[in-house]
Amino acid sequence: MDTITADGSHARTVEVALAGRSYPIHIADGLLAEAGAAIAPKLRRPSVVIVSDETVAGLHLETLRASLDGHGIANRTIVVPPGEATKCFDWLERICADLLGHGIERSDVIVALGGGVIGDLAGFAAAVVLRGIDFVQIPTTLLAQVDSSVGGKTGINTAHGKNLVGAFHQPVLVLADTSLLGTLGEREIRAGYAEVAKYGLIDDPSFFDWLEDAWCAIFAGDPAARIRAVETSCRAKAAVVADDEREHGRRALLNLGHTFGHAFEAAAGFSQRLLHGEAVALGMAMAFRFSADLGLCPAADGERVAAHFHACGLPARVGDIGNDIPDTDGLLALMARDKKTAGGRLTFILARGIGEAFVARDVATDDLRAFLDRELAGR
Ligand SMILES: NC(=O)c1ccc[n+]([C@@H]2O[C@H](COP(=O)([O-])OP(=O)(O)OC[C@H]3O[C@@H](n4cnc5c(N)ncnc54)[C@H](O)[C@@H]3O)[C@@H](O)[C@H]2O)c1
Ligand SMILES: [Zn+2]
C-alpha cells in the first residue's frame, strides 16, 4: 500500500499475514508524531505503558508522549539502561514487577520504543505478563526497523548464550519512523544496513542492484531511499515469516552470513568491538566465497558482494576486523556451539549467485576447514 502524506513524502504499509494475528508495519518519515492516532484503534482502553532505554527516551520519548496525550491515551514509561546487557532475567523481572505493581490489566498495551534490545525485552515482557498482553513496536534503529521488529521473536540472553529464553509473540502494530534514524550514529546505520543487503542477497537480485547505487542515499538520510530500503526489507522478512513463522524451514534463509558472523561475534565477546551487522557482513561475504569454492556460485558474485561491503565501510575479509582472530579450530569450535551438526556435516546457508541463497544441509566439515584455512591465510 502506498499513500502520499500531506508533505508529499511516501508512506508505506507492509502486512504481516499470520492467521488470526496479522498486523501492519507502517513506514514513513515523521510517524512518531502520529503514533497516538495509529495506536488508538488498537486499544481496548486508552492506556499504554512505554518501555524505552535512556538514550532513546532522551531523544524521542517526548514526541511519542505528546502524540499519545493528544489522543487521550494515558501513558507512563519504564526506562531501562541502553545496551545488550539489559536484555536479561534481572531487567525482565524488574519490568514485570513494575507492570504488576502498577496494576497492569489484560487490556493494556505495551509500547516498545527503541532498538532490538528494547523490542526483544519489552516484547518478551508483554508475552509473559498476565500470560500475554498486546504490544506495539516502534523500532528506532535501522536493524530494528528491517529485522528485529518483524517476525515476533522476543526474548532475553542468559549465561548460556544469547536469545536462549524467549517466546514467539507478534506485535499488534509496528510503526517504523525513518526520521528517527537521524539521531543514530553512522556505525549503527552501517551495521543495520548489512541486514538490508542480506534480503537482496537471499532472493532479490534487483534489490541488490538498486542498493549498489542507493546505499549512499540511504546512509545520507534520504527519506525516500530509507523508506524503500525499510519497506523492501520488511516485505521480504514478512513473506518468509508468513510462510514459516516458527522457523522449521525457509525462515532459516534469514541466517545467511550468521553462522560465520556469530563465530566472530562470539570471539569478540559480543562487544562493541564488532557489531552484529558488521559480523554478518563479513559472514555473508564468506558464505559467497565458500559457495564459490564449492563450485556452487560464480566467483565474480562473491567479489561483487565483498566490493559492495567495502564500498560501504563494512568488513568483507577476515583481515578487516583486526588481528585478534581465533585460528581455524577456534572458529570451528565457535561455529559448532552455534549449530547442530549431524554426522560431521553442517547446515549452512549458501548461494548459487546473488539473490539465490539456499539451505545446504550436507556441508562437509573438511571442506569448511580448508576454506577457513584459506580465509585466515589470505586475511
Ligand atoms: N527478535 C528478532 O528477530 C531479532 C532479530 C535481530 C536482532 N535482534 C536483537 O536485536 C538486538 C540488537 O538491536 P539494535 O542493534 O537495535 O541494538 P540496541 O537496541 O542496543 O540499539 C543500539 C544502540 O543505539 C541506541 N539507539 C537506538 N535508537 C536510537 C536512535 N534513534 N538514536 C540514537 N541512538 C539510538 C540504543 O540506545 C543503543 O545504545 C540484539 O539483542 C539482537 O539479539 C532480534
Ligand atoms: Zn542478524
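Read the numbers this way: they start at 1 and go in the same order the structure lists the ligands and their atoms. Because the structure is predicted, anything quoted here is derived from the model rather than measured.
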I'd like to know if the side chain of Ser291 reaches the main chain of Leu296, judged simply by a donor and an acceptor atom lying under 3.5 Å from each other, with no hydrogens or angles considered.
no
Main chain of Val109, side chain of Asp134: is a donor-acceptor contact present, judged purely on distance under 3.5 Å?
no
Would one find an N, O or S atom of Asp147, in either backbone or side chain, under 2.8 Å from the Zn ion (ligand 2)?
no
Among non-hydrogen protein atoms, atom 39 (O) of ligand 1 lies closest to Pro82 CB, 3.9 Å
What do you reckon, does Val117 have a nitrogen or oxygen under 3.5 Å from a nitrogen or oxygen of ligand 1?
yes
Just checking, Arg352 and Phe358: is the charged tip under 6.0 Å from the six-membered ring centre and within 45° of the axis?
yes
Please state which part of Asn157 comes within less than 4.0 Å of ligand 1, counting heavy atoms only: side chain, backbone, both or neither.
neither
For atom 15 (O) of ligand 1, which protein heavy atom lies nearest, and how many Å away is it?
Leu143 CD2, 3.8 Å
Side chain, backbone, both or neither: which part of Asp120 comes within less than 4.0 Å of ligand 1 when only heavy atoms are counted?
side chain
For Gly115, the atoms of ligand 1 under 4.0 Å from one of its heavy atoms are 16 (O), 19 (O)
Counting non-hydrogen protein atoms only, what is the nearest one to atom 23 (C) of ligand 1? Give residue, atom name and distance.
Glu188 OE2, 3.9 Å
Taking only non-hydrogen atoms of Thr141 and a 4.0 Å limit, the atoms of ligand 1 in range are 14 (P), 16 (O), 21 (O), 27 (C), 28 (N)
Counting non-hydrogen protein atoms only, what is the nearest one to atom 34 (N) of ligand 1? Give residue, atom name and distance.
Leu184 CD1, 3.7 Å
Please step through salt bridge (charged side-chain N to carboxylate O under 4.0 Å, His left out) for the pair Lys87 and Glu84, ending with a clear verdict.
CA-CA 6 Å; Lys87 232 178 83 172; Glu84 191 69 35; 3.8 Å; yes
Say whether Glu54 and ligand 1 are in contact under the criterion: heavy-atom distance to a ligand atom below 4.0 Å.
no
Salt bridge flag under 4.0 Å for residues Asp329 and Arg369:
yes
Among Thr140, Leu121, Leu254, which one puts a heavy atom closest to atom 28 (N) of ligand 1?
Thr140
If we check side-chain contact (heavy atoms from CB on, under 4.5 Å) with Leu113, which of these qualifies: Val51, Ile118, Leu32, Leu175?
Leu32
Measure from the side-chain N and O atoms of Thr77 to the backbone N and O of Val79, and report whether any donor-acceptor pair falls under 3.5 Å.
no
Taking only non-hydrogen atoms of Lys162 and a 4.0 Å limit, the atoms of ligand 1 in range are 43 (O)
Using a 4.0 Å cutoff against the non-hydrogen atoms of Asn163, which atoms of ligand 1 qualify?
43 (O)
Main-chain N/O of Ala217 paired to Arg226 side chain as donor or acceptor, under 3.5 Å
no
Salt-bridge present (Arg45, Asp108; N to O < 4.0 Å):
yes
The answer for which part of Thr55 has a heavy atom under 4.0 Å from ligand 1 is side chain
Is it the case that the side chain of Gln145 and the backbone of Asp177 share a donor-acceptor pair, with hydrogens and angles ignored and the cut-off at 3.5 Å?
yes
heavy-atom search around atom 42 (C) of ligand 1 in the protein gives Lys87 NZ, 3.8 Å
Side chain, backbone, both or neither: the part of Glu84 lying under 4.0 Å from ligand 1 by heavy atom:
side chain
How does Thr154 reach ligand 1, if at all, at less than 4.0 Å between non-hydrogen atoms: by side chain, backbone, both, or neither?
neither
Would you kindly specify which portion of Lys237 sits under 4.0 Å from ligand 1, judged on non-hydrogen atoms: side chain, backbone, both or neither?
side chain
If the cut-off is 4.0 Å to any non-hydrogen atom of Leu59, which atoms of ligand 1 fall inside it?
32 (N), 33 (C)
Give the residue and atom name of whichever protein heavy atom lies nearest to atom 10 (O) of ligand 1, and the separation in Å to one decimal.
Gly116 CA, 3.3 Å
In Glu195, the N, O or S atom nearest to the Zn ion (ligand 2) is which?
OE2
Got a salt bridge between Asp98 and Arg76, using NZ or NE/NH1/NH2 to carboxylate O under 4.0 Å?
yes
Taking only Lys NZ, Arg NE, NH1 and NH2, and the carboxylate oxygens of Asp or Glu, determine whether Arg304 and Asp209 approach each other closer than 4.0 Å.
yes
Answer yes or no: is there an ion pair linking Lys198 with Glu195, defined by an N-O contact shorter than 4.0 Å?
yes
Asn75 (side chain) donor-acceptor with Ile73 (main chain) under 3.5 angstrom
yes
Return the residue, atom name and 0.1 Å-rounded distance of the protein heavy atom closest to atom 6 (C) of ligand 1.
Asp147 OD2, 3.6 Å
Please confirm whether His258 approaches ligand 1 to less than 4.0 Å, judged on its heavy atoms.
no
Judging by distance only, is a nitrogen or oxygen of Thr183 under 3.5 angstrom from one on ligand 1?
yes
Ile118-ligand 1 polar pair, N/O distance under 3.5 Å
no
Does the protein place any heavy atom closer than 4.0 Å to atom 25 (C) of ligand 1?
no
Evaluate whether atom CG of Asn323 has more than 12 neighbouring non-hydrogen atoms of other residues, nucleotides or ligands under 6.0 angstrom away.
no
Tell me which N, O or S atom of His258 sits nearest to the Zn ion (ligand 2).
NE2
Please check this pair: side chain of Glu278 against backbone of Leu275, looking for a donor-acceptor N/O pair closer than 3.5 Å.
yes
Taking atom types as modelled, is there a side-chain donor on Ser206 or Asp204 under 3.5 Å from an acceptor on the other?
yes
For atom 37 (O) of ligand 1, what's the nearest protein heavy-atom neighbour? Residue, atom name and distance, please.
Asp53 OD2, 2.8 Å
Geometry only, no angles: is Leu181 polar-contacting ligand 1 at N/O separations under 3.5 Å?
no
